[in-house]
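See below for the structure under consideration.
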Amino acid sequence: MPKKVNIFCGKFPHVIIFQRNKQTLRFFSSSCRTSSILVELVAKQHWSKLKTHLQNTKPNALLHQLLTSEADPELTLRYLTWSQKEFKLSHSLELTFRTLYSLACARKYSKIRSFLDNFVKNEKNYPVSSIFHAISVGGDSFCANSIIVDMLVLAYVKSLKTHLGYEAFRRAGDYGFKLSVISCNPLLHALVKERKIGNMEFVYKEMIKRRIGPNLISFNVVVNGLCKAGKLNKASDVIEDMKVWGVSPNVITYNTLVDGYCKMGKIGKMYKADAVLKDMVAKGICPNEVTFNILIDGFCKDGNVSAAMKVLAEMQSQGLNPNVVTYNSLINGLCSDGKVDEATVLRDQMIGSGLKPNVITHNALINGLCKNKMVNEASDSFNDMPKQGIAHNVTTYNILIDGYCKAGRIEDAFELRNAMLGRGICPNVSTYNCLIAGLCRKGDMEAAWHLMDEMVGKDLRADVVTYNILIDLLCNKGESRRAMKLFDEMSRKALNPSHVTYNSLMDGYCKEGNLRAALNVRTRMEKGGRRANVVTYNVLIKGFCKKGKLEDANKLLNEMLEKGLVPNRTTYEIVREEMMDKGFVPDIEGHLYNV
DNA sequence: GTAGGGTTAG
């Protein structure tokens, strides 16, 4: 019998498989001959014979015997999987992980990897704590155990059980097991994808603390996560940290940060994005197509297509060719600006330069036509797509369905929905959202609720947008309390309310003249981790104005400017109509001349 | 194995 010493006894006083196994051992000593026959059958892989012989022996007793007799680890594993399948049983965690331990000592890593991949896919989820207990009593080689835990974390992440991967990572720290970037990088990536940025930051800090040595990929993933969460200063700090670790940021690191500024930055964000670009050039990192595409898209989304065009010229002067993504951003930018004709010209230019428009190009143009009240043209464009060898996708249908709804052509919208079903494209939540919003605009509440039921029947779950549509509708009808009930339902369904949700509720209460309730919603919004945006301020400022509280409204205006939020057209309209026309001079007055 | 483009709600 091998000597098993639990080196973690001090901290984790869970000993001991020996007590439990005494009985098993007695069994083996009394029937030693039988057992050696069985072991030999395993060695020869005579499974059917083994099955008949095992009628009087417990399968787990044989597994134990294989482990203690130090049989070939691969064979032990083969017996383990065979017996689990054959007898529809699960071996204990202790024996399972002892098997993996023996494989780790024999450096049969790929066997462990594929076993763990299956192990975690199993619907029977063992508590991570039990697994760690089994690992720590199963073997005393720190290195072998660490490798098993590393592979376990990776297996969880691969099977989309990120929460368990995260827990295993945390516990590995308690036990002092040393993980590697092989499991930590995918874990970081998965946490970013699930928007669990707090957890991602924990893993990153722990990696440094535990001296796991983040590499370039780790840093890039972390920078991306922080950018997606709007933590741009922290992202810049991480880039500084990299140098301490002797890792140089590359073009991807900087592109990620530039994109962060474009998408999450506040006042003067494009200026800052440009500053990051200059910084990277100064550090000798050459911008590539992606860098320029990010900037072009950023300027377009910022409503500044002419600046985007200048970036395009700069890109070409540096010998970089615009690609489909470049053109798609510009086409979309022009369409949002109401310049569908120019967008079409650009599309032709794109074709002239040898690039083939893809489904995204077409969708952008169809959307542009819809938004500019050219639904018939949009429909023609839609029908042209198959002729050009481009298949419609769900988004194409959704765009045109939304176009029909907004043009008041609900019947056409439903007809198109039915057509997509016939063509094997499944409506998704967005399809329903477009239709529900269309029905709400028409005031056909009954049909809207009916569609909600239909969604559930099709196993489609209402999302934040669905709730936003319904909440907004109720608020506009003066039924804020009913809207609040839907809001509570959202949290019960683990849906994270968005800015729109809170803003609609505040608007509803403001319209009812209930400023207190509106401010309560704002408090909840901040507790929910969302900061007030321009729309929030517009809603509240208007609410206070309507109540004649112009001084308070003015304070809100100041607060908004101090937070670096940029007033929009609605803000100016409110200020003009509700304050200036009534003889009140707001602090924002000076800005009004710029509009 | 880390970066970029299209739809729905204010």
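Here is how names work: the chains are called A, B, and so on, in the same order as the sequence lines, proteins then strands, and each is numbered from 1.
Using a 4.0 Å heavy-atom criterion, one finds that A/N393 contacts the bases of the nucleic acid, with or without backbone contacts as well. Contact annotation for A/K301: backbone-only contact, meaning every heavy-atom pair under 4.0 Å involves sugar-phosphate atoms and none involves a base. Using a 4.0 Å heavy-atom criterion, one finds that A/N323 contacts the bases of the nucleic acid, with or without backbone contacts as well.
Every pair passing salt bridge (charged side-chain N to carboxylate O under 4.0 Å, His left out) that includes a residue from residues 277-290 of chain A is listed here, sequence neighbours excluded: A/D274-A/K278, A/D279-A/K283. Within the structure, ring-ring contact (aromatic ring centres under 6.0 Å, His included) pairs that include any residue of residues 316-356 of chain A do not occur (at least two apart or interchain).
Closest to the side chain of A/V535, out of B/dA9, B/dG10, B/dT2, is B/dG10. Which of B/dA9, B/dG5, B/dT7 sits closest to the side chain of A/S329 comes down to B/dG5. Looking at the side chain of A/N288, the nearest of the listed nucleotides B/dG5, B/dA3, B/dT8 is B/dA3. Here B/dG5 is the nucleotide among B/dG10, B/dG5, B/dT2 with the atom lying nearest to any side-chain atom of A/V324.
For A/F382, the ring-ring contact (aromatic ring centres under 6.0 Å, His included) criterion is met by A/H392, A/Y397, not counting sequence neighbours. Remark: A/D412 pairs with A/R409 by the salt bridge (charged side-chain N to carboxylate O under 4.0 Å, His left out) rule, at least two apart or across chains. Take A/H189 and apply the ring-ring contact (aromatic ring centres under 6.0 Å, His included) test, not counting sequence neighbours, and it matches no residue.
Between the CE atom of A/M525 and the P atom of B/dA9 there is a distance of 19 Å, given to the nearest Å. For the pair A/N372 CG and B/dT7 P, the interatomic distance rounds to 13 Å; values are reported in whole Å. For the pair A/R113 CZ and B/dG1 C1', the computed distance is 14 Å after rounding to whole Å. Taking atom CG on A/N358 and atom P on B/dT7, their separation rounds to 13 Å, with Å as the unit. Atom pair A/M452:CE and B/dA9:C1' shows a separation of 14 Å (rounding to whole Å applied). Protein atom CG of A/L191 is 15 Å distant from nucleotide atom C1' of B/dT2, rounded to whole Å. Nucleotide B/dG10 holds its C1' atom 17 Å from the OH atom of A/Y509, rounded to whole Å. As rounded to whole Å, 12 Å separates atom C1' of B/dG10 from atom CD1 of A/I574.
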Could you pull out every donor-acceptor pair under 3.5 Å between side chains of residues 226-234 of chain A and any protein atom, sequence neighbours left out?
| from | atom 1 | to | atom 2 | distance (Å) |
| --- | --- | --- | --- | --- |
| A/K228 | NZ | A/N224 | OD1 | 2.6 |
| A/K231 | NZ | A/E201 | OE2 | 2.8 |
| A/K234 | NZ | A/E201 | OE1 | 2.7 |

Show which side-chain atoms of residues 332-341 of chain A pair as donor or acceptor with protein atoms under 3.5 Å away, not counting sequence neighbours.
| from | atom 1 | to | atom 2 | distance (Å) |
| --- | --- | --- | --- | --- |
| A/S336 | OG | A/N332 | O | 2.8 |
| A/D337 | OD2 | A/K339 | NZ | 3.2 |

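Salt bridge annotation for A/R530-A/E526: absent, with no cationic side-chain nitrogen under 4.0 angstrom from a carboxylate oxygen.
Here A/N224 reaches the OP1 or OP2 of B/dA3: one of its side-chain N or O atoms lies under 4.0 Å away. OP1 and OP2 of B/dT2 both lie 4.0 Å or more from every side-chain N or O belonging to A/K228. Put simply, A/N220 has no side-chain N or O that comes within less than 4.0 Å of OP1 or OP2 on B/dA3. Residue A/H189 places at least one side-chain N or O under 4.0 Å from the OP1 or OP2 atom of B/dT2.
Listed for the A/S317 side chain is a donor-acceptor partner under 3.5 Å among the backbone atoms of A/E314. Between the side chain of A/K161 and the main chain of A/V120, a donor-acceptor pair closer than 3.5 Å is present. Side-chain N or O atoms of A/K269 include one that pairs as donor or acceptor with a backbone N or O of A/C262 at under 3.5 Å. No side-chain donor-acceptor contact under 3.5 Å links A/N514 to the backbone of A/C510. Looking only at distances, a side-chain donor or acceptor of A/H499 sits under 3.5 Å from a matching main-chain atom of A/R531.
Residues from residues 239-260 of chain A lying near DNA chain B, meaning a heavy-atom separation below 4.0 Å, are A/I252, A/N255, A/T256, A/D259 in numerical order. For DNA chain B, the neighbouring residues in residues 427-444 of chain A, judged by any heavy atom under 4.0 Å, are A/S430, A/N433, A/C434, A/R441. A heavy atom lying under 4.0 Å from DNA chain B marks the following residues of residues 400-415 of chain A, by number: A/D402, A/K406. Of all the residues in residues 373-381 of chain A, not one reaches under 4.0 Å from DNA chain B with any non-hydrogen atom. Shown for residues 495-505 of chain A: residues whose heavy atoms fall under 4.0 angstrom of DNA chain B, namely A/S498, A/H499, A/V500, A/N503.
Separation of atoms CG (A/L188) and CG (A/N220) is listed at 11.5 Å; rounding is to 0.5 Å. The line from CG of A/N288 to CE of A/M315 is 8.5 Å long, rounded to the nearest 0.5 Å.
For B/dG10, the base has no donor-acceptor partner in the side chain of A/N538 [N/O atoms by modelled type, under 3.5 angstrom].
The distance between the ring centers of A/Y502 and A/F487 falls below 6.0 angstrom.
Counted by atom type alone, A/S306 and A/N304 present one or more donor-acceptor pairs between their side chains at under 3.5 Å.
Between A/L320 and A/T291, the closest side-chain pair of non-hydrogen atoms is not below 4.5 Å.
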